[in-house]
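Quick note on labels: first sequence line is chain A, next is B, and so on, each numbered from 1.
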Amino acid sequence: MASITIKLPDGTPLELEEGATGADAAAAIGPRLAKDALAVRVNGEVRDLARPLDDGESVEILTPGRPDSLEVLRHDAAHVLATAVLDLWPGTKVSIGPPIADGFYYDFEFPDGFRPSEDDLGQIEERMAAHVEADEPFERSESGVAEAIERFRREDQPYKVELIEDLIRDEGTETVSLYRNGPFVDLCRGPHGPSTGRIKAFKLNSVAGAYWRGDENRQMLTRIYGTAFFSKKELEEHLERLEQARARDHRRLGPQLGLFTLLPDAPGMPFWLPEGTVLLDLVAREVRKQLVAGGYEEIKTPQVLDEELWHRSGHWDNYAENMFFTDVEDRRFALKPMNCPGACLVFGSERHSYRDLPLRLAEFGLVSRNEREGVLHGLLRVRAFTQDDAHVYCTLDQIGDEVDAICSAIDQLYARFGFDEVRVELSTRPDKSIGTDEQWERAEEALREALERQGREYEVSPGEGTFYGPKIDFHITDALGRSWQCGTCQIDFQMPERFDLTYQGEDNAEHRPVMIHRALLGSMERFVGILIEHYAGRFPTWLAPVQAAILPVADRHNDYAAGVADRLAATGVRCRVDDRSESVGKKIHDAEISKAPYMLVVGDREESDGAVSVRSHGEGDLGAEPVDEFAARVDREVSW
RNA sequence: GCCGGAGUAGCUCAGCUGGUAGAGCAUUCGCCUUGUAAGCGAAAGGCCCCGGGUUCGAUCCCCGGCUCCGGCUCCA
């Protein structure tokens, strides 16, 4: 009998009979593995257990907990979802159902214009549970494309037909794979687990509209989102995480902590409350430290500029639909959606020498963009926000040093806010672009060299640059592991051209400067939104709008409390006295909820000792200490 | 913009497919003068999102609008 030899992940060879499958391999290794096995990775590609292995292949048995096994399980769950939906609403047209980051979805077109709501998820889950209970095997088969099209035509599944037709056209596909589980047969690349019984824990989360192929001109389908895990425990932990994320939601915490509020009177434009304004200012101060260190000068340019300017800058052609316009007497103006044209006007308003370069103009510029209403989201997607923007005018040769400086400013600034994990992405020339090949090459090279010089890891996104130049984007990862794009650094040859910006060179001739657009945090308001969620509203002492809540035990201690507040304020501690006629317990309760880092209880004992009793948010009672000592404690914690 | 859901006191929400409304917190006013996570009592607070329609009668049902929430290329 012929045999084959495969290689296991630890390098050991395993001899199997010819035609042996992944399942056979698992069984040959051990019964426990055979039972746990879900799929198999062959030379890096995940496959069904039932497919035969070939001689010499590297084989890894995928079990729960291994990378990619969860994707297989969730893909299985998506099929079971479709099975359940077809049970309940025969005639439903199915489209696609992939696994995604936190679960899976499946997009359907329900018959007769019916659209299920979230109330219907329960009965779908029940049907799914029945199929899981029945432990139906996933069976793979192959079919010629003509036959497959015929099949899905017969079943009145036009989306599947379209998918196959596209595969034929785009990839020259001749055979497609089909997967059966119970009564349901789906066009599917796979892979799948052995049977539906493996889906031990699943839940349907929500229903939403989604366009067929993401194209808003095409049919709107109904998407059902769900998630699945190998165990009930993992599912519960996942739901717990979602709950935590909800509790951290800046849209909930913002108004609750008195930071900002969102009102229907100005959709997408937050109102900043006193403590939120303090927070914004503290963030701006950190940015300004970087401006000073980096040799930037700060400017302010107008909010509203003549429409003509936007024609000149190219925004009117490329950005008009996102701009707000306003008529004043006979002139048409636009609210600025970006700060760069203003900065260019400043640069162009006087003659410059090569000795001035690099000229670094920073602006905390409030920009207004008419975002489509449906995409507005708290502070994260708004219609008006402040960019910590800057434009550096320099020579081609100076780009490298400037980029280096910008990168290190970003590192320092992010570290200050507790974001140590920074992901860097280099985006190169898109198909549609302006400028010469040489300019692009030099700019991309300058960015690449700067990143290499710093020994940074970075991803390249080919063709994702702006139309005027390549860029580097900086992404941070928050406490819940979510990624946010914040900083950006873009090389621009075009704007100086359009605004005819020049400097006088050493050779006495006029030269064109290069312009670098750069933002460290991006949107100040959005960054504060990210901070709120990152810290769950429990800001570190240096960033807390109120660092110490002073809590008099009884009304007779209010004067002493006010005195303490004055002394602390004089040393720079931000504090607030709670002089209501409430019990200490109540005041502590409220202060804890406001998440102030320190509470200072003052009563008879403290008054006679010139002290405060310190309670820390989180740590509890720390005992009494003199007022100056507490001020020193805060100072120690805040200084850097 | 599109699909689904929601809109009731300042906030969080109850309110039987029809008879013009309730709780907790917050607010104000009393009382209490408090020692490390909610003291007691009272009052005040409502165009039940807006506009139409159905009805003897609409917070509730129907239509339109506004605002908010979840989504809308992670592609067999």
**Asked** Of all the choices, A37(B), C74(B), C72(B), which nucleotide is nearest to the side chain of Y211(A) once you look at every atom?
**Response** C72(B)
**Prompt:** Is any side-chain nitrogen or oxygen of Y225(A) closer than 4.0 Å to OP1 or OP2 of C72(B)?
**Reply:** yes
**Asked** Touch check for D604(A), heavy atoms < 4.0 angstrom, all strands: base, sugar-phosphate only, or nothing?
**Response** base
**Message:** At 4.0 Å (heavy atoms only), tell me whether Y105(A) reaches a base, stays on the sugar-phosphate, or touches nothing.
**Reply:** nothing
**Any H377(A) side-chain nitrogen or oxygen under 4.0 Å from OP1 or OP2 of G70(B)** = yes
**Fill in**
Any strand, both distances under 3.5 Å, Watson-Crick or G-U wobble: G45(B) pairs with none
**Request:** State, without any angle test, whether W212(A) and D107(A) hold a side-chain donor-acceptor pair at a distance under 3.5 Å.
**Result:** no
**Request:** Using only side-chain N and O atoms of R74(A), determine if any of them is under 4.0 Å from OP1 or OP2 of C74(B).
**Result:** no
**Request:** Please determine if E165(A) and R153(A) form a salt bridge, counting it only when a charged side-chain N lies under 4.0 Å from a carboxylate O.
**Result:** yes
**Item:** Atom pair distance, as rounded to whole Å: CD1 in I100(A) and C1' in G71(B)
**Value:** 11 Å
**Prompt:** Across all strands shown, which nucleotide pairs with G39(B) by Watson-Crick or G-U wobble geometry, both distances under 3.5 Å?
**Reply:** C31(B)
**Asked** Paired with C74(B) by Watson-Crick or G-U wobble geometry, both distances under 3.5 Å: which nucleotide is it?
**Response** none
**Residue matched to U54(B) through Watson-Crick or wobble contacts both under 3.5 angstrom** = none
**Message:** Counting only Watson-Crick pairs (N1-N3 plus N6-O4 or O6-N4) and G-U wobbles (N1-O2, O6-N3), all under 3.5 Å, who is the partner of U12(B)?
**Reply:** A23(B)
**Request:** Just compare A38(B), U33(B), C75(B) and give me whichever is closest to any side-chain atom of A554(A).
**Result:** U33(B)
**Request:** Side chain of K586(A) only, please: which of G35(B), A38(B), G71(B) is the nearest?
**Result:** A38(B)
**Message:** Suppose you measure atom P in U67(B) against the same atom in G30(B); what distance do you get, rounded to whole Å?
**Reply:** 43 Å
**Minimum-distance nucleotide (side-chain atoms of M220(A) versus C75(B), C72(B), C2(B))** = C2(B)
**Asked** Counting just side-chain N and O atoms, does R251(A) come under 4.0 Å of either OP1 or OP2 of C69(B)?
**Response** yes
**Request:** Look at the side chain of S613(A) against the base of U36(B) and say whether a donor-acceptor pair falls under 3.5 Å; ignore hydrogens and angles.
**Result:** yes
**SB check E45(A) R47(A) (cutoff 4.0 Å)** = yes
**Request:** Using a cut-off of strictly less than 4.0 Å, decide whether K587(A) has a side-chain nitrogen or oxygen near OP1 or OP2 of U33(B).
**Result:** no
**Request:** Report yes or no: is there a donor-acceptor pair, N or O only, under 3.5 Å between the side chain of E606(A) and the base of G35(B)?
**Result:** yes
**Whole-Å gap separating C1' (C74(B)) and NE2 (H75(A))** = 13 Å
**Message:** Can you check the distance between G46(B) and G15(B), where both ends of the measurement are the C1' atom (answer in whole Å)?
**Reply:** 14 Å
**Asked** Atom CG of L376(A) and atom P of C68(B): how far apart are they, to the nearest Å?
**Response** 7 Å
**Which nucleotide in C74(B), G35(B), G39(B) has an atom nearest any side-chain atom of E582(A)** = G39(B)
**Message:** Checking the side chain of S613(A) only, and the main-chain atoms of L600(A) only, is there a donor and an acceptor separated by less than 3.5 Å?
**Reply:** no
**Request:** Write down the distance separating the C1' atoms in U73(B) and G5(B), rounded off to the nearest Å.
**Result:** 24 Å
**Request:** For R223(A), report the nucleic acid contact type (base, sugar-phosphate, nothing); a contact means any heavy atom under 4.0 Å.
**Result:** sugar-phosphate
**S583(A) vs G39(B): side-chain N/O to OP1/OP2 distance below 4.0 Å** = yes
**Asked** Among side-chain atoms of E619(A) and Y598(A), is any donor-acceptor pair under 3.5 angstrom?
**Response** no
**Item:** Identity of whatever pairs with U17(B) - Watson-Crick or G-U, under 3.5 angstrom
**Value:** none
**Prompt:** Rounding to the closest angstrom, what is the interatomic distance between G41(B) and G57(B) at atom C1'?
**Reply:** 40 Å
**Asked** Any Lys/Arg nitrogen of E625(A) or R633(A) sitting under 4.0 Å from an Asp/Glu carboxylate oxygen of the other?
**Response** yes
**Asked** Within the structure shown, what part of the strands sits under 4.0 Å from V601(A) by heavy-atom distance: base, sugar-phosphate, or nothing?
**Response** base
**Request:** Say whether D48(A) and H192(A), considering side chains only, have a donor N or O and an acceptor N or O under 3.5 Å apart.
**Result:** no
**Sugar-phosphate, base or nothing in reach of L221(A), heavy atoms under 4.0 Å** = nothing
**Item:** Complementary nucleotide for U59(B) - Watson-Crick or wobble, under 3.5 Å
**Value:** none
**Asked** Hey, does G603(A) reach any base, or is it just sugar-phosphate, or nothing, if we go heavy atoms under 4.0 Å?
**Response** base
